[in-house]
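All remarks here apply to the structure that follows.
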Amino acid sequence: QPIEKRCWKLTLWHFRTRSLLIQSPYHWPGPISLLLSPAEWSNGSMYLNIESSTFWLLLGQSPPGKPEISKCRSPEKETFTCWWKPGADGGLPTNYTLTYHKEGEILTHECPDYKTSGPNSCYFDKKHTSIWTLYIITINATNQMGSSSSDPHYVDVTYIVEPDPPVNLTLEVKQPEDRKPYLWMKWFPPTLVDVRSGWLTLQYEIRLKPEKATEWETHFAGQQTQFKILSLYPGQKYLVQVRCKPDHGYWSKWSPESSVQIPNDFTMKDTTMWIFVAVLSAVICLIMVWAAALKGYSMVTCILPPVPGPKIKGFDTHLLEKGKSEELLSALGCQDFPPTSDYEDLLVEFLEVDDSEDQQLMPSHLKEHPGQGMKPTHLDPDSDSGRGSCDSPSLLSEKCEEPQANPTTFHTPEATEKPENPPEANIPQPWKAQNPSLEGKIPYFHTSGSKSSTWPLPQPPGQQDPRSYHSVIDVCKLAVGTAGASATLLDKTDKQALKSSKTIETGEEGKAAEQKEVENLYSKTDHNTAWLLPQGKSPYISAKPLDYVEIHKINKDGALSLLPKQKEDGEATEKPGAPETSKEYAKVSRVMENNILVLVQDPRGQNLTLFEELAKEPPPSLAQDQAEKDLTSYPATPSHCRLQLGGLDYLDPAGFMHSFQ
Amino acid sequence: SLLFLLLLVSNLLLCKSVSSLPICHSGAANCQVSLRDLFDRAVILSHYIHNLSSEMFNEFDKRYAQGRGFITKTIKSCHTSSLSTPEDKEQAQQIRYEDLLTLVLRVLRSWNTPLYHLVTEVRGMQEAPDGILSRAIEIEEQNKRLLEGMEKIVGQVHPGIQENEVYSVWAGLPSLQMADEDARLFAFYNLLHCLRRDSHKIDNYLKLLKCRIIYDGNC
């Protein structure tokens, strides 16, 4: 029989699952049945009229549900309280009673106090509390419909002691004079706990943290009611809490937070620190000044060093003023440029040009180092065998050869040169390495490896001797062609080229490399500058048997002593099919003064007017400064080169002398 | 092992604190270890024994007694119940300290035999749990020492007391050896339950006595 009706509003209707949610402000533990809008009252099945938003919920009634004891606690081991949780209401006001009996007693008592500890609780005061005794406690719930009882709960007060938190937590920042400041905290045990008689023994624990921090720092304090905290951050606000635990019980809750502000206590320390810092910096300044004074230079120079002027390593301007060009240039690193006292050695080496393949380009000293190959460091002017030297009349005679050599061959560089690229490629670099001073002046000496082979190779590598001579000659022409200074530079370059070629030769195919080298040098220069040996020089490449004049030695004055060299047969012709062109040979007729060799043109020789013209053309790209310097120090060079050029023709020494001077 | 360490440390501290006093060897007639030190030692021991008993009981309860409702049967089942001990603070404070001391001695003596048998019977258990056995052994040992200490205290505090060795007789050995596992387990449970309670009593009484005798009620 429904006794009570209450009205709720439908809050949610889930169409698909046909479920509805009714929210009620009441907690109704009893049975509930749903009454739809009055007309559709049905017991078994429900007919839900969703158009109507009003439903009746019939709240049924029943005896109360079973309550249960949730917790019993004693704050001081003298009293205790038990709380229970009521069961289902049953829709009726329910009365709860607590009954208990003690261990060993038969009598059942009811809870002496339902109020003190709040609703659903029972408070046992001191009179009703016995320690070391089991209590058997039961809750009874009764309503109009019936009653129910909980299960008995066995509790011994001995083991349920949970005190209140400590009270009166005070914090104080103490700053003793001779020690660091610290935080001093003090508290009192909870009021109810009797510690004085020893009935309960409490142990404490404190925790603190800066206000903004997340983690607490916990410290166990034992049985003392005070605590010191050292090493706190000044200027921070700290929160502190304390709790306690009886000797055989539960920890209390944490006390309310107490806060303390740690003052910025830098007054004393600050002064001391700053004084220390000031003294230290003064000491440092004094030390610096003293050190600077000792060493003799001012602070200004120490801080702002003077800007160094331009300086060439090894170059002493005083030497230049004095005119000792040899020393100057030697300091600059121009070894043997100009050659000073080793003319003889140099020229001898240069002029030992043979027809024979075996001897050519294979100086003895180089044979000792077969593996040097491309190493530019091995190029030593003194060790040069002088092969393919400009001074060799054989070369000159070679020049007298076909001036009308295959121009096409001259210009067909890449095809034939490709297989030899690797050795050629290395050639410019040693030159570069050896003659950095020349780089700026003769830019065309730089890498042009692919085009270095403008110099044709009509012959197989085995027959490179005449070529080498030719190339040497050509190089010498170059040297002469450039106005003075360039010649000197080139001469040196020549020597180095020759040396490099020789060294390369030793390690490689021999003549082929050298020839290519020289050709490379030649071709490079040729390629890049118009004033270099023109195509017209190609005729001179063709190899033909030549007459050689060996310059035996050169005096310091530059006088050459020549020795005729035996002509060698069997020299392979470069171009079997090359057109026979008349070659021009020159012979040294006599040595003039001023170190001029007078070369007589071979009647078979050609006209080398071209060379004359070329020789007179000044090289545009060569720097003049270095040339002038070289001129002053190396007067013999022009003659040297003149010899080379004059191998095919007699050149007017006046022209060269003029340019050199 | 932790308890061992605690006891060792506490013993060392005690020894330190009495370094100024002559060391008493057992049997020495005119031993003058101060009463304060005696009480401190006694309280440390009683505290330690109760901790061990509590742990032992909890472990046994968790392992063997779940769902068996043993606690319902432990009503007035301790053999020392016959000793009328104070049941709350007022009673404990009202009783004379000499009587309380005597009571403590009686309880301690009443547990000599049960502790001995507890050890042997736990050892004989099939899956003898190490925690329970080691603690039982330790409790037996420490109980003897506490008894000695208490006798010394009584000798100092209340000399001339009649040495009537009154104690409760324990008759629970047959229960520990019963074939019925349930009954046997309950016997163990009951014994450990009573041990826990009595050790707490002793600890509490001694702390009360210490505060009363040494600190004059102002710990």
Side-chain angles (χ1 to χ4, degrees), chain A residues 69 72 74-80 100-108 124-138 151-161 163 188-189 192-203 220 222-225 245-250, chain B residues 39 43-44 46-55 57-58 61 69-78 80-94 97 100 107 193-194 196-219:
Chain A
I69 306 267
C72 292
S74 169
E76 75 290 79
K77 209 161 74 176
E78 297 171 44
T79 68
F80 74 102
Y100 70 94
H101 70 276
K102 285 200 234 178
E103 175 186 2
E105 290 181 2
I106 309 161
L107 211 57
T108 304
F124 294 82
D125 58 3
K126 288 186 187 179
K127 275 195 279 194
H128 297 92
T129 305
S130 299
I131 317 299
W132 306 294
T133 313
L134 266 180
Y135 278 73
I136 299 100
I137 301 172
T138 314
D151 292 332
H153 187 251
Y154 294 83
V155 61
D156 191 335
V157 182
T158 314
Y159 314 114
I160 57 165
V161 182
F188 290 93
L192 297 174
V193 173
D194 182 5
V195 188
R196 287 185 58 180
S197 64
W199 182 242
L200 271 181
T201 308
L202 290 178
Q203 289 175 325
F220 183 72
Q223 294 181 19
Q224 57 193 7
T225 57
K245 174 185 176 293
D247 38 359
H248 306 287
Y250 299 101
Chain B
F39 262 110
V43 164
I44 288 170
S46 64
H47 186 101
Y48 179 50
I49 290 167
H50 175 69
N51 276 342
L52 290 173
S53 306
S54 191
E55 288 168 8
F57 174 83
N58 287 331
D61 184 33
F70 285 157
I71 192 156
T72 62
K73 295 187 277 185
T74 61
I75 304 294
K76 282 286 189 190
S77 59
C78 295
T80 53
S81 312
S82 58
L83 299 170
S84 59
T85 55
E87 294 290 298
D88 59 20
K89 189 176 87 166
E90 284 73 20
Q91 289 179 21
Q93 282 178 331
Q94 280 165 13
Y97 69 87
L100 194 55
V107 173
H193 164 259
C194 293
R196 179 167 80 139
R197 172 184 286 182
D198 285 348
S199 59
H200 190 278
K201 269 188 193 176
I202 291 165
D203 185 44
N204 219 155
Y205 296 157
L206 287 178
K207 284 169 182 169
L208 280 172
L209 284 169
K210 181 180 119 174
C211 285
R212 202 204 292 194
I213 295 171
I214 308 296
Y215 298 96
D216 202 19
N218 200 4
C219 270

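Chain letters run A, B, ... following the sequence lines, proteins first, then strands; residues in each count from 1.
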Quiz prompt | Interface residue of largest heavy-atom contact number with chain B, from A/Asp194, A/Ile136, A/Thr129, under 4.5 Å | solution = A/Asp194

Exercise. Indicate the atoms forming the closest heavy-atom contact of A/Pro75 with A/Val193, along with that distance.
Key: O-CG2, 3.6 Å

Exercise. Could you look at B/Tyr205 and say if it's the side chain, the backbone, both or neither that has a heavy atom under 4.5 Å from chain A?
Key: side chain

Exercise. Might you work through the side chain to side chain contact (heavy atoms under 4.5 Å, CB included) test for A/His248 and B/Asn51, ending with a clear yes or no?
Key: CA-CA 8 Å; A/His248 306 287; B/Asn51 276 342; 3.3 Å; yes

Exercise. Using non-hydrogen atoms and a 4.5 Å limit, figure out which bit of A/Leu200 sits close to chain B: side chain, backbone, both or neither.
Key: neither

Practice problem: List in chain and number order the residues that pass side-chain contact (heavy atoms from CB on, under 4.5 Å) with A/Gln224, two or more places apart in sequence or in another chain; answer none if no residue qualifies. | Solution: A/Ala221, A/Phe227

Practice problem: Just give me the residue among B/His47, B/Glu90, B/Lys89 that pairs up with chain A most often, heavy atom to heavy atom, under 4.5 Å. | Solution: B/Lys89

Quiz item: Is it the side chain or the backbone of A/Thr201 that comes within 4.5 Å of chain B heavy atoms, both, or neither?
Solution: side chain

Exercise. Answer with side chain, backbone, both or neither: which region of A/Lys77 has an atom nearer than 4.5 Å to a non-hydrogen atom of chain B?
Key: side chain

Practice problem: Hey, can you tell me if B/His50 and A/Tyr159 have their rings parallel, tilted or perpendicular (30° and 60° cut-offs)? | Solution: parallel

Exercise. For A/Asp125 and A/His128, run side chain to side chain contact (heavy atoms under 4.5 Å, CB included): C-alpha distance rounded to whole Å, both residues' side-chain angles, the deciding distance at 0.1 Å, then the answer.
Key: CA-CA 5 Å; A/Asp125 58 3; A/His128 297 92; 2.4 Å; yes

Practice problem: Supply the atom-to-atom distance A/Asp156 CG to A/Tyr135 OH, rounded to the nearest 0.5 angstrom. | Solution: 9.5 Å

Practice problem: Find the distance between OG (B/Ser53) and NE2 (B/His200) and round it off to the nearest 0.5 Å. | Solution: 11.0 Å

Quiz item: Checking B/Asp216 against chain A: side chain, backbone, both or neither under 4.5 Å from a heavy atom?
Solution: neither

Quiz item: Taking B/Leu208, B/Asp88, B/Thr85 one by one, which has the highest count of heavy-atom pairs under 4.5 Å against chain A?
Solution: B/Leu208

Quiz prompt | Which of B/Lys210, B/Gln93, B/Lys76 touches chain A most, by non-hydrogen pairs under 4.5 Å | solution = B/Lys76

Quiz item: Given the options A/Arg196, A/Gln223, A/Lys102, which has more heavy-atom pairs under 4.5 Å with chain B than any of the others?
Solution: A/Arg196

Self-check item: Engaged part of B/Ser81 at the chain A interface, taking heavy atoms whose separation is under 4.5 Å
Solution: neither

Quiz item: Do the non-hydrogen side-chain atoms of B/Asp203 and B/Ile49 ever get within less than 4.5 Å of each other?
Solution: no

